[in-house]
Amino acid sequence: MVVVVLGAPGTILRSVWYEEERLLRVAQQMPCREVQAGMLLSLMGQPQQYSYPSIFIYGHRASGKSHVMHVLLKELELPHATVSCVECVSVALLFEQVLLSFFGCDAASLLPRSPSLSDFVRIYRQQCSQSPAKQTRYIVMEKAELLRDTDANLLPALLRLQELVEDNVTIILLSEIVWDKFRPNTGCFEPLLLHFPDYSKGELQQILSQDRHPSYTAEFYSSYINILLGVFYSVCRDLRELRHLAALNFSKFCEPLAEGKVKETDTHKLWRNIEPHLKKAMQTVYLREVSSLQWEQMQQMEEKESGALRGLSAHTHVELPYYSKFLLIAAYLASYNPARTDKRFFLKHHGKIKKTNFLKKNEKTSNHLLGPKPFPLDRLLAIFYSVVDNRVAPTASIFSQISSLVTLQLLTQVSHDDQLDAPKYKCAVSMDFICAISRTVNFDIVKYLYDFL
Amino acid sequence: ADNSEIRFKLCQDLWHKIRVLQDELNRKILDSLLDFTRKCSSTRQHSDWASQMRASEIPTAALVLGVNVPDHDMTFQSLSELLQQSVTPHVASVQAKECGGEGLLALVLERLMDTVVTVDDEEEEETEQTSTQLHKSVHCSLSTLCDWYNAKTMKSKTGTPGKKRSSPVRDDPQQPPVVIIFKDLEAFNPKVLQDFILICSRYVERLPLMFIFGIATSPSTIQHMLPHSVSSLLCIELFQSLSCTQHLATVIDKLILTPQFPFKLNGKVMQVLMSIFLYHDFSVRNFIKGVQLALLEHFHSQPLSVLCCKKKEALLNVMQLSHHDLESIRHLLSFRRYVEKQEPQEQLNLFRDDTHLKEVCQKLIKDLRKYHKNYYPVLRCLHTLTSSLPRYPLGKQVRELHLICLEKNVWENEDYQTAMKSHLSPPESQTLNEVCYYSSSATVRRHLNATPRTSIQAALSSPYYYLQNESLKTEDGTVSNAAPDICIAYKLHLECGRLINLYDWLEAYATVVSAAEGNNPDSDNVRKVEEVKHARFIQAVSELEFLGFIKSTKQKTDHVARLTWGGC
């Protein structure tokens with residue numbers, strides 16, 4: 001296993017194969033990633049020369065992996081194919097995309113209906129004998145962790161693609177997961193590992209200050225980012241999220257400036273204005289409880305008018321018809337009470353039941369910890385008829401409500417669709433939910449639960 | 001009768017009015033969704049700093065519709081049509097169960113690219129088809145969609161100026177949004193949905209996508225189905241449609257509590273429909289269906305319903321009534337009550353003189369109309385006065401108050417002024433009310449709240465009820481020998497215990513059937529007849545198994561287990 005060690009930060013990109021101004025442009029677009037870019041450049045080396053067959057880049061979300069790759073490939077005009085493994089539900093799409101990018105759609109259409117790896121290799125070899133590579137071709141695969149779920153032979157073959165097709169091609173895998181979790185049991189060709197570490201606070205400050213608002217000075221925006229990081233850095237280090245928050249809250253930050261109450265340099269006053277607002281943002285828009293649109297609208301309204309902002313998770317109430325509520329209650333009871341206890345709870349005259357038989361000796365685990373158990377339809381209906389307080393005729397509506405509850409994902413069907421005569425269900429709601437529902441129909445469900453005897 | 005054609009036409013008119021009402025119900029929520037779509041497509045094109053920063057999110061409308069899932073179909077249909085008419089032609093609706101074979105992405109692509117091809121002119125269709133065919137078999141991906149979309153918008157920009165637009169109302173922005181409607185969000189496999197959103201967010205700069213989620217339970221479902229990393233790619237705005245009870249209140253307002261609609265339901269029938277709504281399914285569509293069923297039954301079975309229409313028409317129709325109809329008027333309960341209050345001479349006149357009766361009927365119809373015209377405003381006043389009283393003695397909603405008034409005199413609840421007393425009396429006190437009021441609650445309940453098991457058992461134990469064959473008529477409890485095989489087998493199995501021996505059952509069955517056909521001592525025929533009886537028996541038993549009365553069991557060989565007990 002080969003691990004690449006990082007150099008000192010702040011290195012400027014240098015490479016003999018490309019002009020300085022191009023490299024300067026590249027460096028400007030990826031602040032704080034010069035070390036990694038430099039490493040990649042040296043791995044790429046001379047364009048005509050072969051590079052290492054496969055490179056594995058890993059790092060957390062929003063650590064710049066795709067960004068760095070794309071900037072390099074675009075600015076230096078290198079032939080490449082970008083594939084996102086999320087889109088490639090079948091390997092055919094992956095092969096098509098690669099052939100399309102390198103050789104055009106004629107080559108892509110040569111692939112048979114469900115191509116195998118050998119079909120792909122064969123066509124690639126055919127094509128590259130007609131148009132051989134003048135410089136290294138790169139295949140960039142994003143979200144590479146999904147490759148582990150495909151055929152077992154795909155990943156090892158891709159790592160050795162250079163050898164298989166005898167062409168100047170290099171595979172670059174981008175992933176959030178470490179290589180140790182990728183390695184197949186049968187072994188494979190080890191790629192070069194390159195790690196993109198998380199940004200430090202200073203680096204985040206530097207990167208975020210780059211997308212400054214055109215009508216304000218850089219220092220002003222910088223101070224804003226400083227305040228923002230002060231509030232959010234402890235909970236969030238994801239660059240994308242921070243950028244989003246910066247964009248949303250900037251107008252509020254500038255409000256006193258626009259109203260003429262403060263100057264740009266009065267950081268303390270600006271801080272006093274924005275700090276409660278940011279704290280509120282942490283509970284709402286950061287958690288995506290409200291959308292960014294709603295957040296902006298709320299900012300424009302007066303303080304008094306906005307009142308309490310209702311997030312998505314505050315809306316949990318589901319309005320159900322009367323008998324459906326009882327069906328759900330009966331399902332909950334059937335899932336969490338053992339079947340032998342039904343007689344005691346639901347029959348009027350259950351006779352004498354010995355307590356020792358009733359509470360089994362070694363049964364210490366609460367049914368609620370074990371999760372819901374499946375029950376047959378007959379049992380559900382028997383319990384339903386006994387908990388409903390008035391007489392109910394067995395009409396078709398009652399049965400169709402059971403299917404509706406399954407559609408709403410409040411019940412889960414456990415038996416196979418083909419089993420018509422003995423369907424089994426499980427109750428999929430939480431204790432809180434069912435207590436809320438029982439309260440609306442004045443039914444004391446806790447009295448009927450075995451775990452609370 | 002003669003007036004059946006008139007009645008049919010009246011019934012059709014009223015039926016049509018109900019349909020028009022249904023279409024208008026969802027107008028408000030659909031309008032706000034259309035506004036949202038228009039706003040999204042216009043903000044995309046702003047290039048100010050804030051919009052740029054937000055440009056990577058997909059705008060999403062989360063539409064919470066309520067648990068009555070079958071009602072949503074119509075809503076989404078109207079939504080789709082409205083969007084296509086006035087905002088954008090690129091609309092695709094998908095349901096969870098349709099995504100099985102090819103996957104969600106392929107389905108969406110198909111729906112988007114196909115629908116637009118048919119709307120456009122003929123000349124463009126050819127070029128479209130060739131380019132999609134080239135890519136379709138090769139590439140089922142969003143880049144195909146992007147290319148197709150760019151080609152479309154290019155074309156519409158450089159389109160010939162003289163081309164007649166098929167829909168002149170549509171405001172054509174430079175880049176009409178591409179709308180994808182997920183009709184039942186809860187039913188989707190979360191993984192499939194997440195992958196789809198991840199793929200779409202990679203193309204959001206090239207393609208102006210917009211999602212609409214149809215949610216049946218509550219908005220917190222979104223957070224259960226999508227992890228933070230996926231929901232942060234969406235810009236979700238919440239739209240709550242009216243709750244089912246509010247919806248119902250609107251329907252009742254427009255359909256029942258108005259003098260414009262001549263057909264009425266009496267207290268019991270209203271009660272049946274309301275209880276089906278509240279206890280069973282919260283479905284406004286089913287409520288309206290119930291009203292339509294009552295409408296149909298009333299016009300079908302009550303010959304006097306020819307008078308259940310607008311005043312002018314009713315007065316005309318009175319003059320056309322036949323003697324037979326006038327006799328049935330004389331037999332109406334409310335009319336007899338009216339006659340008893342008249343002078344003896346007048347009473348005789350009413351019974352003998354048809355012309356006089358017609359004149360009196362015209363006056364009575366005018367009175368009935370006036371009663372209705374006064375009833376509803378006064379009802380609403382009373383509701384406004386009493387709806388905020390603690391513990392709601394007269395109900396919280398207008399419909400509850402209306403039900404109370406339908407059943408008996410509301411002033412027996414509390415004391416009221418004379419004005420209210422004379423205007424809010426129940427309709428039964430009005431003469432000729434049977435013309436407008438439908439009162440057979442049992443029929444409505446029987447039709448809407450079906451009990452399949454009862455029907456099947458009734459059919460099996462007394463086949464005469466359905467088949468109406470004279471030879472099947474028997475006393476209660478017995479079955480005629482000429483009854484169908486399955487009835488005989490059913491009757492015999494009722495006498496057995498939990499496990500039924502098939503051979504004994506066969507013997508008993510054969511005995512009953514032989515008794516019906518008469519004994520034939522010819523030995524050759526006897527064996528053949530035995531085989532035929534055996535075959536019929538097996539068929540009857542299989543049918544009973546299919547209907548769910550018996551099932552095979554391993555507990556004893558050659559036995560079946562009985563599954564039902566007691567009749568219904």
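Excluded from the calculations below are hydrogen atoms, water molecules and symmetry mates; all remaining heavy atoms, backbone and side chain alike, are included. Letters go in sequence order (proteins before strands), and every chain restarts at 1.
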Completion exercise
Rounding to 0.5 Å, atoms CD (A/Glu319) and OG (B/Ser218) come to a distance of 12.0 Å
Handout entry: Closest-packed option against chain A by number of heavy-atom pairs under 4.5 Å, given B/His224, B/His228, B/Glu237
Key = B/His228
Problem - Test side-chain contact (heavy atoms from CB on, under 4.5 Å) applied to B/Arg202 and A/Ser84, step by step - result: CA-CA 9 Å; B/Arg202 294 187 73 232; A/Ser84 171; 3.3 Å; yes
Exercise for the section: For each of B/Ile199, B/Ile236, B/Thr451, tally heavy-atom pairs with chain A at distances under 4.5 Å, and name the one with the top tally. Expected result: B/Ile199
Problem - Heavy atoms from other residues, nucleotides or ligands near CZ of A/Arg61 exceed 12 (cutoff 6.0 Å) - result: yes
Problem - Pairwise distance CG(B/Asp195) to NZ(A/Lys143) - rounded to 0.5 angstrom - result: 10.0 Å
Exercise for the section: Using non-hydrogen atoms and a 4.5 Å limit, figure out which bit of B/His280 sits close to chain A: side chain, backbone, both or neither. Expected result: both
Problem - A/His244 NE2 to B/Cys235 SG distance, which is reported to the nearest 0.5 Å - result: 7.5 Å
Completion exercise
Looking only at B/Ala216, B/Pro59, B/Ser232, most heavy-atom pairs under 4.5 Å shared with chain A are made by B/Ser232
Fill in the blank from the handout: From the list B/Asp281, B/Val67, B/Thr217, side chain to side chain contact (heavy atoms under 4.5 Å, CB included) with A/Leu320 holds only for B/Val67
Handout entry: Rounded distance [0.5 Å steps], CD1 in A/Ile398 versus CG in B/Asn449
Key = 7.5 Å
Handout entry: Which portion of A/Phe250 sits near chain B, non-hydrogen atoms under 4.5 angstrom
Key = side chain
Exercise for the section: Please check if atom NZ in B/Lys551 has more than 12 non-hydrogen atoms from other residues, nucleotides or ligands closer than 6.0 Å. Expected result: no
Problem - Under 4.5 Å from any heavy atom of chain B - which part of A/Ser404 - result: neither
Exercise for the section: Assess whether atom NE2 of A/His60 is packed by more than 12 heavy atoms of other residues, nucleotides or ligands within 6.0 Å. Expected result: no
Practice task
Provide the closest heavy-atom pair for A/Ser397 versus B/Leu448 in the form atom of the first, atom of the second, distance.
Solution key: OG-O, 4.5 Å
Exercise for the section: Under 4.5 Å heavy-atom distance to chain B, tell me which part of A/Arg240 shows up: side chain, backbone, both or neither. Expected result: neither
Completion exercise
Heavy atoms of A/Pro394 and B/Pro452 approach each other most closely as O-CD, 4.4 Å
Exercise for the section: Check for a donor-acceptor pair, side chain of B/Glu186 on one end and backbone N or O of A/Gln409 on the other, with a separation under 3.5 Å. Expected result: no
Handout entry: Most contacts with chain A, counted as non-hydrogen pairs under 4.5 angstrom, among B/Leu234, B/Asn286, B/Leu278
Key = B/Leu278
Fill in the blank from the handout: So, the part of B/Phe546 with a heavy atom under 4.5 Å from chain A: the answer is neither
Completion exercise
The reported gap from CD in A/Glu87 to OG in B/Ser143 (rounded to nearest 0.5 angstrom) is 6.5 Å
